Peer 1: 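Starting off with a structure, shown below.
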Number of protein chains: 2
Amino acid sequence: MINQIVQMASTTEENYLKALFNLANEKGEVNISELAHQLEVSMPTANSMVKTLQKSGSCIYEKYKPVVLTPKGKKEAALIVRKHRLTEMFLVTKMGFGWEEVHEIAEQVEHIHASKFFERMDEMMGYPTVDPHGSPIPDKQGRIQDLQFKSLSEAKPGQEVILAALSDSSTEFLEYLNSRKLTLGTELKIISKEAFDQSIVVNYLDSEKETLSQKVCEKLLVKIYESKNSSQ
Amino acid sequence: MINQIVQMASTTEENYLKALFNLANEKGEVNISELAHQLEVSMPTANSMVKTLQKSGSCIYEKYKPVVLTPKGKKEAALIVRKHRLTEMFLVTKMGFGWEEVHEIAEQVEHIHASKFFERMDEMMGYPTVDPHGSPIPDKQGRIQDLQFKSLSEAKPGQEVILAALSDSSTEFLEYLNSRKLTLGTELKIISKEAFDQSIVVNYLDSEKETLSQKVCEKLLVKIYESKNSSQ
DNA sequence: TAAATTTGTTAGAATAATCTAACATTATAC
DNA sequence: GTATAATGTTAGATTATTCTAACAAATTTA
Ligand SMILES: [Mn+2]
Ligand SMILES: [Mn+2]
Ligand SMILES: [Mn+2]
Ligand SMILES: [Mn+2]
């Protein structure tokens, strides 16, 4: 038989693939319990869907072992992430949304099956490589670049850095950053670091001075821009 | 109990509501068989979904009688049509798509639940009142204007008309119109009408001359612009 | 290592959306 | 006005997605 119909992944399956992809990138392995937690479903539900994804060749799964995406599954997931991030960027740069408003909309738009739509977005934006939160946009083949920024919590007093990405893009964190006028591209100079609680005092936008807790610093990914009194 | 959760219509239910709305606007009444045909499902499937929609208060249905949308159902449907038509207009005016490419994309985008998204489109376009095919865009309350254009097949030789809308927006028909350079807003002068087959010879764009079959004329909705040798 | 906790699985059930086959009602044609 | 055709309904089944309850395996703690 030649014309066996290959069924498209449903919206539900796509959300599972994306969750597996994102969890694997953060933590390496993916347990059923993490997956279930991420998607806010029960463990039996996640367990059952993983079996379904295995049948369609998107992941490999053995009882009591962590779930592993196949190359096919990885590519499927990366292309959904691509649509998600292109959408977020389009909403911010072409439609005037704030970076804290776009994730929920993109969570729905990413499931639209219309490559022309996303290609046109891409073209209109001049082929951006990162989304509004600094995360890389996979290419059309599903390849994703590893930007490996450092966390601000690793920076030392005297260093100058540029805020390049976030490891948490929750609305609450984005609103916190808005309230401090912290946007991607902001140059930060590390004034001092408190040994007791690892909080950092930074100087940015030529005038402001701000104390950032360790919790916040861990979520801010930076490029080291210039260094004073540094061992390098 | 105060906090009874009112379940949102699923994508499937939304497509049924829209089909009921569109069929009712074209033909007045809606039979199960028409509904089933429109949605490409079996009659038992349509029958069963109509019962579901009745339970949720969106339509009224009695065995063997035509289906009637309630005011609630009409409003729900009109708001989906609104999202569909705003999307089509956005794709054409802001993203450079052709009018023959947008329906399929809008068929998916219309199910996105994010009023901000559609309000922003609306705002960016300056609150358009019609879609790229000349169909009216319902307002935020779900009210829809009746533009009642005439069909070109009703026009008489000597009259000048403006192409204002289409009663068929299929890709095939739109591609036919593209090939003849017929766009909305085009002024057409009716040169003559063939009594035998009701075909019409028209003149437009200052130079072109074209014969349009009755089948085509019926699908072209026009505003009568000026009249020569007319009884009015 | 034994107990306790966490993690994972199976079984069984529910709801949504769909189908086919069989039967029933209504409308149309002769 | 009966026969035929069209339309509509019911029953019963299937697949997808989800749940809870009960049990099993693996890991952590003491
Ligand atoms: Mn996002
Ligand atoms: Mn999603
Ligand atoms: Mn359309
Ligand atoms: Mn649709």
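Note that the structure is predicted; figures quoted are calculated from it, not measured. Here is the naming used below: chain letters follow the sequence lines, and residue numbers restart at 1 for every chain.
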Peer 1: Under a 4.0 Å N-O cut-off, is there an ion pair linking Lys18(B) with Glu107(B)?
Peer 2: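 The answer is yes: the pair qualifies as a salt bridge.
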Peer 1: I'd like to know if the side chain of Ser48(B) pairs up with that of Thr45(B) as donor and acceptor (distance under 3.5 Å, no hydrogens or angles considered).
Peer 2: no
Peer 1: Check whether any side-chain N or O of Ser48(A) sits under 4.0 Å from OP1 or OP2 of dT18(D), and answer yes or no.
Peer 2: no
Peer 1: Charged N to carboxylate O under 4.0 angstrom, Glu123(B) versus Arg120(B)?
Peer 2: yes
Peer 1: At less than 4.0 Å, is any side-chain N or O atom of Ser42(A) found next to OP1 or OP2 of dC19(D)? Yes or no.
Peer 2: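 Checking dC19(D) against Ser42(A), a side-chain N or O does come within under 4.0 Å of OP1 or OP2.
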Peer 1: How long is the line joining NZ of Lys55(A) and C1' of dA16(D), in whole Å?
Peer 2: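 Rounding to the nearest Å, NZ of Lys55(A) and C1' of dA16(D) are 11 Å apart.
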Peer 1: So if I take residues 13-35 of chain A and measure heavy-atom distances to DNA chain D, which residues fall below 4.0 Å?
Peer 2: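 Heavy-atom cutoff 4.0 Å gives Tyr16(A).
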Peer 1: List in chain and number order the residues that pass ring-ring contact (aromatic ring centres under 6.0 Å, His included) with His133(B), two or more places apart in sequence or in another chain; answer none if no residue qualifies.
Peer 2: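 With neighbours one apart ignored, the set is empty.
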Peer 1: Base, sugar-phosphate alone, or nothing: which one does Thr12(B) contact when heavy atoms must sit under 4.0 Å apart?
Peer 2: sugar-phosphate
Peer 1: Hey, could you give me each pair passing ring pair (Phe, Tyr, Trp, His ring centres under 6.0 Å) that has a residue in residues 73-104 of chain B? Not counting sequence neighbours.
Peer 2: His84(B)-His103(B)
Peer 1: Could you state the NE2-C1' distance from His111(A) to dT17(D), rounded to the nearest angstrom?
Peer 2: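 Taking NE2 of His111(A) and C1' of dT17(D), I get 15 Å after rounding.
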Peer 1: So, do Glu110(A) and Thr87(A) sit near enough that their side-chain heavy atoms are less than 4.5 Å apart?
Peer 2: no
Peer 1: Once salt bridge (Lys or Arg N to Asp or Glu O under 4.0 Å) is applied, do any residues pair with Glu34(B), and if so which ones, sequence neighbours excluded?
Peer 2: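 Applying salt bridge (Lys or Arg N to Asp or Glu O under 4.0 Å) to Glu34(B) gives Lys27(B).
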Peer 1: Identify whether the distance between the nearest side-chain nitrogen and carboxylate oxygen of Lys116(A) and Glu119(A) falls below 4.0 Å.
Peer 2: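 No, no charged N to carboxylate O under 4.0 Å.
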Peer 1: Within the pair Ser10(B) and dA17(C), is there a side-chain N or O less than 4.0 Å away from OP1 or OP2?
Peer 2: yes
Peer 1: Using only side-chain N and O atoms of Lys65(B), determine if any of them is under 4.0 Å from OP1 or OP2 of dT25(C).
Peer 2: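 Checking Lys65(B) against dT25(C): no side-chain N or O falls below 4.0 Å of OP1 or OP2.
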Peer 1: Expressed as a whole number of angstroms, how long is the span from Asn47(A):CG to dC19(D):P?
Peer 2: 13 Å
Peer 1: Taking only the side-chain heavy atoms of Tyr61(B) (C-beta and beyond), determine which of dT9(D), dC19(C), dT18(D) contains the nearest atom.
Peer 2: dT9(D)
Peer 1: Indicate yes or no: does Asp122(B) engage Arg82(B) in a salt bridge with an N to O separation below 4.0 Å.
Peer 2: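 Result for this pair is yes, salt bridge flagged.
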Peer 1: Using atom CG of Leu53(A) as one end and atom P of dT15(D) as the other, report the distance to the nearest whole Å.
Peer 2: 18 Å
Peer 1: Take the protein atom CE of Met49(B) and the nucleotide atom P of dA16(C), then report the distance between them rounded to whole Å.
Peer 2: 9 Å
Peer 1: Hey, could you give me each pair passing ring pair (Phe, Tyr, Trp, His ring centres under 6.0 Å) that has a residue in residues 14-49 of chain B? Not counting sequence neighbours.
Peer 2: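 Counting only pairs at least two positions apart or across chains, no ring pair (Phe, Tyr, Trp, His ring centres under 6.0 Å) contact touches residues 14-49 of chain B.
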Peer 1: Expressed in angstrom and rounded to an integer, what is the separation of Glu40(B) atom CD from dT18(C) atom P?
Peer 2: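 Rounding to the nearest Å, CD of Glu40(B) and P of dT18(C) are 12 Å apart.
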Peer 1: Provide, to the nearest angstrom, the distance between the CE atom belonging to Met43(A) and the C1' atom belonging to dC19(D).
Peer 2: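 Going from Met43(A) (CE) to dC19(D) (C1'), I get 13 Å.
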Peer 1: Could you tell me the separation between the NZ atom of Lys51(B) and the C1' atom of dT9(D), rounded to a whole number of Å?
Peer 2: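 For the pair Lys51(B) NZ and dT9(D) C1', the rounded distance is 7 Å.
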Peer 1: So if I define the base as every atom that isn't primed, P, OP1 or OP2, how would nucleotides 21-29 of chain D read as a B/S/- string at a heavy-atom cutoff under 4.0 Å?
Peer 2: B---S----
Peer 1: Determine: side-chain N/O of Thr45(B) to OP1/OP2 of dC19(C), distance under 4.0 Å, yes or no.
Peer 2: yes
